[in-house]
Amino acid sequence: MIRAEPAHAELLAAMHARCFPDDPWDAQAMREILAMPGSFGFFDERGFAIGYVAADSCDLATLGVLPEARRKGAGRALLEALCAEAKRRGAVAVVLEVAENNTAARNLYAKSGFSVEGFRKNYYRDSSSALLMRRRI
Ligand SMILES: CC(C)(COP(=O)(O)OP(=O)(O)OC[C@H]1O[C@@H](n2cnc3c(N)ncnc32)[C@H](O)[C@@H]1OP(=O)(O)O)[C@@H](O)C(=O)NCCC(=O)NCCS
């Protein structure tokens, strides 16, 4: 897995657009998040994961696996890499928001040790709600 740097912004934005066609992040947005203090990420030819550590908690900002690479363990591997690096950086937990109707992601997180800690009604642009999930690391 390769460490994501601002110089990878174009490539990561192209991957993000394939994973999130309804809400793609452009290269500028990707560059900004990767330049934020505490931010870090990983990617390979299958997908990417980006997070940032603030105090003793890590937020999972985005995680995506290209459609043709799904259901072969890449999502889980990226998530584990992110959790390990978050721990190395001093975080004691990883938190994330996931759309209530995103069964694939919810299953992945549940299987990876995350539990539901909250609910955010009408959280997304399409007015769907989000679950807040957390895992101690
Ligand atoms: C969610 C996502 C990252 C999962 O990536 P992936 O590489 O397919 O996941 P994995 O192969 O590591 O799957 C791990 C587990 O997650 C669950 N899972 C993954 N895809 C699933 C699906 N389509 N339906 C039901 N469960 C699914 C399963 O429990 C799976 O374990 P199993 O294959 O042993 O049954 C991928 O579907 C994706 O990029 N989706 C679009 C972007 C997105 O929603 N990102 C998350 C935003 S919060």
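For ligands, and for the atoms within them, numbers begin at 1 and follow the listed sequence. Being a predicted model, the structure only gives us computed values, none of them experimental.
- The CG atom of L34 sits 8.0 Å away from the CD atom of E5 when rounded to the nearest 0.5 Å.
- The single protein non-hydrogen atom nearest to atom 13 (O) of ligand 1 is L108 CD1, 4.4 Å, given as residue, atom name and distance.
- Ligand-side atoms of ligand 1 in range of C19: 41 (C), 42 (C), range being under 4.0 angstrom from any heavy atom.
- At a 3.5 angstrom cut-off on N or O pairs, K72 counts as close to ligand 1.
- Less than 4.0 angstrom separates some heavy atom of R76 from each of these atoms of ligand 1: 12 (O).
- The distance criterion of under 3.5 Å between nitrogen or oxygen atoms is not met by T103 with respect to ligand 1.
- Considering backbone and side-chain N/O atoms, A69 never comes within less than 3.5 Å of an N/O atom of ligand 1.
- Nearest protein heavy-atom contact of atom 37 (O) of ligand 1 is R70 CD, 3.4 Å.
- The distance criterion of under 3.5 Å between nitrogen or oxygen atoms is met by L63 with respect to ligand 1.
- Counting heavy atoms under 4.0 Å from ligand 1, residue L60 does not touch it at all.
- For atom 25 (C) of ligand 1, the closest heavy atom belonging to the protein is N107 ND2, 3.3 Å.
- Among protein heavy atoms, atom 35 (O) of ligand 1 sits closest to R71 NH2, 3.0 Å.
- Salt bridge status for R3 with E85: present, with a side-chain N to carboxylate O gap under 4.0 Å.
- Counting heavy atoms of neighbouring residues, nucleotides and ligands inside a 6.0 Å radius, atom CD of E10 does not exceed 12 of them.
- For ligand 1 and G73, the ligand atoms under 4.0 Å from any heavy atom of the residue are 10 (P), 11 (O), 12 (O).
- Ligand 1 has no N or O atom lying under 3.5 Å from any N or O atom of V98, backbone or side chain.
- Residue contact check: A105 has heavy atoms under 4.0 Å from atoms 1 (C), 46 (C) of ligand 1.
- Residue contacts with ligand 1 for K111 involve side-chain atoms from C-beta outward but no N, CA, C or O (heavy atoms, distance under 4.0 Å).
- Contact check on R135 versus E117 returns no salt bridge, with no Lys/Arg side-chain nitrogen under 4.0 Å from an Asp/Glu carboxylate oxygen.
- Remark: ligand 1 and E97 share no N or O pair separated by less than 3.5 Å (distance only, no angle test).
- Nearest non-hydrogen protein atom to atom 48 (S) of ligand 1 is Y109 OH, 3.3 Å.
- A salt bridge is absent between K72 and E45: the closest approach of a Lys/Arg side-chain nitrogen to an acidic carboxylate oxygen does not fall below 4.0 angstrom.
- Residue V65 has at least one N or O atom closer than 3.5 Å to an N or O atom of ligand 1.
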